[in-house]
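One structure is given below, encoded as structure tokens.
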Amino acid sequence: MKTYLFLLLLFPFAGGLILAVIGRYLPRRVAEWIACASVLGSLLMAILAFGAAGEKRYLLTLFDWIQVGDFSASMTVYYDPLAAIMALMVTFVSSLIHLYSVSFMRDDRDYVRYFCYMNLFVFSMLVITLADNLVFLYLGWEGVGFCSYILIGFWYSDAVNATAGRKAFVLTRIGDVAFGIAIALFFLILDQLSIFSINSKASSLGAGTATLLGLLLFWGAVGKSAQLPLIVWLPDAMAGPTPVSALIHAATMVTAGAYLLMRLFPVIALSSVAMVTIATVAAFTGLFSALAALGQKDIKRILAYSTISQVSYMFLGVGAGDVTGGMYHLLSHAFFKALLFLGAGCVIQALHEEHDIFKMGNLRKRLPVVSWLYLVGCVSLAAIPPFGGFFSKDRILLSTFSHPEPIYKFLGLIAEIGALITVLYTFRMFFVAFLEKPSLQEDFKKKDLQIKDRQIRDLPIPKFMAWINSPLAILAIFAGALNFPEAFGGKSWLAQYLASIPGGVPLFPTSASLERSMEIGSGLLNVAVLIAAYFLYRPEGKLLGWPTPVVLHQRLEELFFSGFYLDRLYQIALVRPYQMMARTFWLNVDEGAVDDRFDATANVFRFFSLGLQFWTTGRLSTYLKMLLLGFTAILSALALGWYYLR
Amino acid sequence: MIVPYGNVLLLAIILFLLGAVCSIARRNLLMILIGVEIMLNAAGLAFVGASLKWQLLDGQAFVLFIFAVAASEVAIGLALIVYSQRRTGSVNADHYNRMKG
Amino acid sequence: MTLYSVIFYVLAVIILASTVLAIIQRFLINAVVYLILSFFATGLLFYLLGAPFLAVLEVIIYAGAIMVLFLFIVMTLPIEQPERRIMETLGQWLPVVILSVISFFIAGILIFEAPGSRINLNTGMATPAAFGQFVFNSYWFPVEIASFLLLIGLVGALYLGRRESKKGSEDRP
């Protein structure tokens, strides 16, 4: 067992290290093979560990890391069912994305740097997944943040990308500070840095302490998972290569925040204030980003805001006391969001780096395989029954409504509205981009290539790139089978598996009748909104006299497009004052006070030497005068001395 | 009985300062040298007076050496003046100001 | 007021007057002649102060050789005569004079505060024989050095004063 976990962590780390040191000298294929093989090796180890573990948990020390006086932080892992599932998901999705990247980055010359950091990222994410010691976890936490920064700004020669990377790093850092404080508090109060021990001792914490710790941990998670108010980095992070967006900003890093809360659930569950805060922020973030997604034109930005929205559902699940539900949604979201991002990557490459959905069209005919896979992803995201996303999202909504406190009903309503808007923006994206535009179709029929739209000349993409997404599609379709609600006679396998972890069983179980009615009701609602979306957004049609796709009133569009002007708010409230302060310090203090002090000192010397220059006339008489002066001075000194001695 | 030694010394001082003034205030190189001669002479006078006061001959011996030094110094000084007059055409001290600044 | 003191004061006046006149002359040759007079008087003063040998030496070397050397140079060098405006600006003379006056007063104070300065000097005479004996007994080494110095002076003056040949001219000043 220990071997499996050790190798699980070692493979991607070794892969990254090898690529970093000698990757440049290896032939391209070998380097790609090393990268993919290391992650596939981790997948194998995860499967083996999963098989060997069964229902047991393991607390294993892999490496004695820090030993300072009383304080020791060793690389311990805590392998319980939650970690097992997460490790499986992470390694599986990472392997697929690595294989996809081989194809996606086929024309890029910096592939070594790319794969090296992807491997290191996988390593850091696995550290977060498995770590027991909080300092070890923090290592992984920072690792993913760092790799994310590098990979977002991968094409750094364009300053926009580098800025996006910096923005991501700074904003997640704000969260990381809170997490660091929480770690310190854990050590101070409980004298423990092991998750297992903390969870066991959690009941010894007072309500106030638990609230503080819960809020600090939540703030850390907010930074990493891009919830309000730290969401602004994720849409800009789409400047990185699409597989990076798929891996980091869909399946793994942004879910790390929710995962952390799930791991430390006993601590958080003690404080109802923390739980309510988590749920409230999550619900509002969900609605907020869903509305923002409705106004975006860039396909990746739509998916980014969608990620924010979906991750907030996971947080909502945790806030409502249902870790299993949160984890369920985490899994299915990983599948369909990665699928969507990779599909978007295929589309973008085929259309010569075109991101604007309003400039796409007719993709159903041009890229048939990709369109079908993309459709699967869309229906899963929109929670259309009977696909995977429906069951996971519904479970969370159920848990929220089942919570006894009245505020949760309100939050559940907000979440439900968010879910409906999800359907709307998802299918806006799909219909506008993928369906045929009659005007384009005419041109497409023409055989000669004298066509005004350069889009028609598509770049052929490797078949491999399209087909590698199929496992994800299958999982997205059948994810419902993981935890089919028992109210309909299904086997909730995941719930059973996770029942042993704290929070695995929802704090407030739902009644079967509520479950049934909710499922049917929301299912019907989603389908209805889908049909409405078709009529609203099908390309070049007519709806009650308005041309489709429907574009909202310009002010509203701008509001959604800019993410409710949150970026601008930060710019005005935080960035500009900081820049002015830095400017003051630079010009006035550093150059003015410090530099000018030195200049002033030097000027004093210059002044004196200029004064002395007056005497260096080069004329003999002047020097002789000086001699006489000296003579007089010596005489006077003698006289004075003699006078005083007398 | 001659004058008190202080008077001799006073005379020497006045002569010395006269020589200094001549050396400093005049522009002609030859006059500067003449000033130097006056100063040397004044020093010699002071030595002779001291020799008489202390009734020792060392002062007078020293005056002998002053004469020797003055002679050789004048010789070389005048040779230098002649040389520089030939090179630059001027015996005005203000002309030689290339060390200015 | 002995005879010797009268002689002293007369000689002092002559020395001072001729020196002052020497230093304010506009013609070089006048200055040299006045200075010769000054040195003559100094020589007589030496004799009064008991150094006959030195008095003679003063006349021979100082007045006779050095000043004659000056005369030669004055007469052979093409120097602009008379020196135009010997006292060019007040700034040229005034600081010097002020400093000199100050020095004079200080020196005067210093001299007359010492107790030994008010004692009248005794007369004495150092015969040339005694003087010569003394010098070659106690100060023979400086004599040798002085002769060496004179040799160097000779060589230097010769070198500096030689005529440049048309071909090889020195480029060192």
Side-chain angles (χ1 to χ4, degrees), chain B residues 1-11 13-15 17-22 24-28 30-31 33-35 37-38 41 44-45 48-49 51-53 55 57-58 60-65 67-76 78-87 91, chain C residues 2 4-5 8 12 15-16 19-20 23 28 31 35 39 42 45-46 48-51 54 57 61-62 65-66 69-70 73-74 77 79 83 86 92-93 96-97 100 103-104 107-108 111-112 116-124 126 131 134-135 139 142 146 149-150 153 156-157 160-161 173:
Chain B
M1 285 298 178
I2 326 181
V3 285
Y5 177 57
N7 291 17
V8 177
L9 219 46
L10 210 57
L11 176 62
I13 290 278
I14 295 177
L15 265 182
L17 288 173
L18 278 175
V21 165
C22 176
I24 295 174
R26 294 295 294 256
R27 291 282 173 269
N28 199 315
L30 282 163
M31 286 309 285
L33 258 183
I34 284 177
E37 294 310 308
I38 301 173
N41 189 41
L45 178 59
V48 168
S51 166
L52 182 60
K53 173 165 161 55
Q55 296 286 315
L57 279 177
D58 302 69
Q60 294 190 2
F62 201 78
V63 176
L64 186 62
F65 301 127
F67 285 165
V69 168
S72 59
E73 172 242 335
V74 157
I76 299 194
L78 285 175
L80 276 173
I81 288 178
V82 165
Y83 184 85
S84 24
Q85 211 281 340
R86 253 190 244 148
R87 288 274 295 188
V91 288
Chain C
T2 60
Y4 293 130
S5 53
F8 176 85
I15 293 174
L16 284 175
T19 312
V20 168
I23 71 178
L28 271 174
L35 211 54
F39 288 153
T42 311
L45 192 54
F46 281 1
L48 179 67
L49 290 176
L54 285 178
L57 275 185
I61 298 177
Y62 241 99
I66 294 177
L69 207 52
F70 266 100
I73 301 299
V74 164
L77 276 191
I79 301 171
E83 191 176 326
I86 61 162
Q92 195 177 324
W93 278 89
V96 199
V97 170
S100 312
S103 313
F104 170 67
I111 292 169
F112 281 104
S117 311
R118 297 190 201 267
I119 303 174
N120 281 344
L121 289 166
N122 288 322
T123 52
F131 180 71
F134 176 75
V135 168
Y139 290 97
L149 183 67
L150 288 168
L160 284 169

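Quantities reported herein were computed from a predicted structural model and do not represent experimental measurements. Chain letters run A, B, ... following the sequence lines, proteins first, then strands; residues in each count from 1.
- To the nearest 0.5 Å, the span separating CD1 on B:Ile34 from CZ on C:Phe70 amounts to 5.0 Å.
- Nearest heavy-atom pair, B:Leu57 versus C:Ala126, reported as atom, atom and distance to 0.1 Å: CD2-CB, 3.5 Å.
- Both the backbone and the side chain of C:Ala12 come within less than 4.5 Å of a heavy atom of chain B.
- Residue C:Phe112 comes nearest to B:Gly6 through the heavy atom pair CZ-C, 3.8 Å, listed as atom of the first residue, atom of the second, then distance.
- Contacts between B:Glu37 and chain C at a heavy-atom distance below 4.5 Å involve backbone atoms as well as side-chain atoms.
- Both the backbone and the side chain of C:Leu69 have a heavy atom closer than 4.5 Å to some heavy atom of chain B.
- Highest contact tally toward chain B, considering only C:Ile61, C:Leu35, C:Ile15, is held by C:Leu35 [criterion: heavy-atom pairs under 4.5 Å].
- Contacts with chain C were tallied for B:Leu9, B:Asn41, B:Val63, B:Val21; B:Asn41 has the most, counting heavy-atom pairs under 4.5 Å.
- Interface summary for chain C: among B:Ala68, B:Ser84, B:Ala20, B:Ala71, the most heavy-atom pairs under 4.5 angstrom belong to B:Ala71.
- Shortest non-hydrogen contact noted between B:Ala75 and C:Ala157 is O-CB, 4.2 Å.
- A pairwise comparison of heavy atoms in C:Phe131 and B:Ala61 identifies CE1-N, 3.6 Å as the closest pair.
- One finds the CG atom of B:Leu78 at 5.0 Å from the CD1 atom of C:Ile73 (value rounded to the nearest 0.5 Å).
- Note that CG of B:Leu52 is 8.5 Å distant from CG of C:Leu48, once rounded to the nearest 0.5 Å.
- Under a 3.5 Å cut-off, the side chain of B:Gln60 and the backbone N or O of C:Gly50 do form a donor-acceptor pair.
- Most heavy-atom pairs under 4.5 Å with chain B: of the set C:Pro142, C:Ala31, C:Gly124, C:Ala65, this distinction falls to C:Pro142.
- Residue contact with chain C, scored on non-hydrogen atoms closer than 4.5 Å, involves the backbone and the side chain of B:Ile2 alike.
- The number of heavy atoms from other shown groups lying within 6.0 Å of CZ (B:Phe65) is above 12.
- Of the residues considered (C:Ser103, C:Gly108, C:Ala51, C:Gly156), C:Ala51 shows the highest number of contacts with chain B, using heavy-atom pairs under 4.5 Å.
- When side chains are defined from C-beta on, B:Leu11 counts as touching C:Phe8, because their heavy atoms get closer than 4.5 Å.
- For a residue to count as touching a neighbouring chain, one of its non-hydrogen atoms must lie under 4.5 Å from one of that chain's; by this rule C:Leu57 touches chain B with backbone and side chain alike.
- Counting heavy atoms from C-beta outward, C:Leu49 and B:Leu45 have side chains that approach closer than 4.5 Å.
- Here the CG-CZ distance, from B:Leu10 to C:Phe104, works out to 4.5 Å after rounding to the nearest 0.5 Å.
- Considering every non-hydrogen atom in both B:Leu17 and C:Ser100, the closest pair reads CD1-O, 3.3 Å.
- A 4.5 Å side-chain heavy-atom check between B:Phe67 and C:Ile66 finds every atom pair outside the cut-off.
- Heavy atoms of B:Val3 lying under 4.5 Å from chain C belong to its backbone as well as its side chain.
- In this structure, B:Val82 and C:Leu77 have side chains that are in contact, with non-hydrogen atoms separated by less than 4.5 Å.
- Within the 4.5 angstrom heavy-atom criterion, only side-chain atoms of C:Phe134, from C-beta onward, approach chain B.
- Between chain C and the residues B:Leu33, B:Asp58, B:Val69, the most heavy-atom pairs under 4.5 angstrom are made by B:Asp58.
- The side-chain heavy atoms of B:Ile38 and C:Ile23, taken from C-beta on, include a pair separated by under 4.5 Å.
- Only the side chain of C:Ile111 comes within contact range of chain B, with heavy atoms under 4.5 Å apart.
- Contact annotation for C:Ala107: only side-chain heavy atoms (C-beta onward) come within less than 4.5 Å of a heavy atom of chain B.
- In this structure the side chain of B:Val48 never reaches within 4.5 angstrom of the side chain of C:Leu45, judged on heavy atoms.
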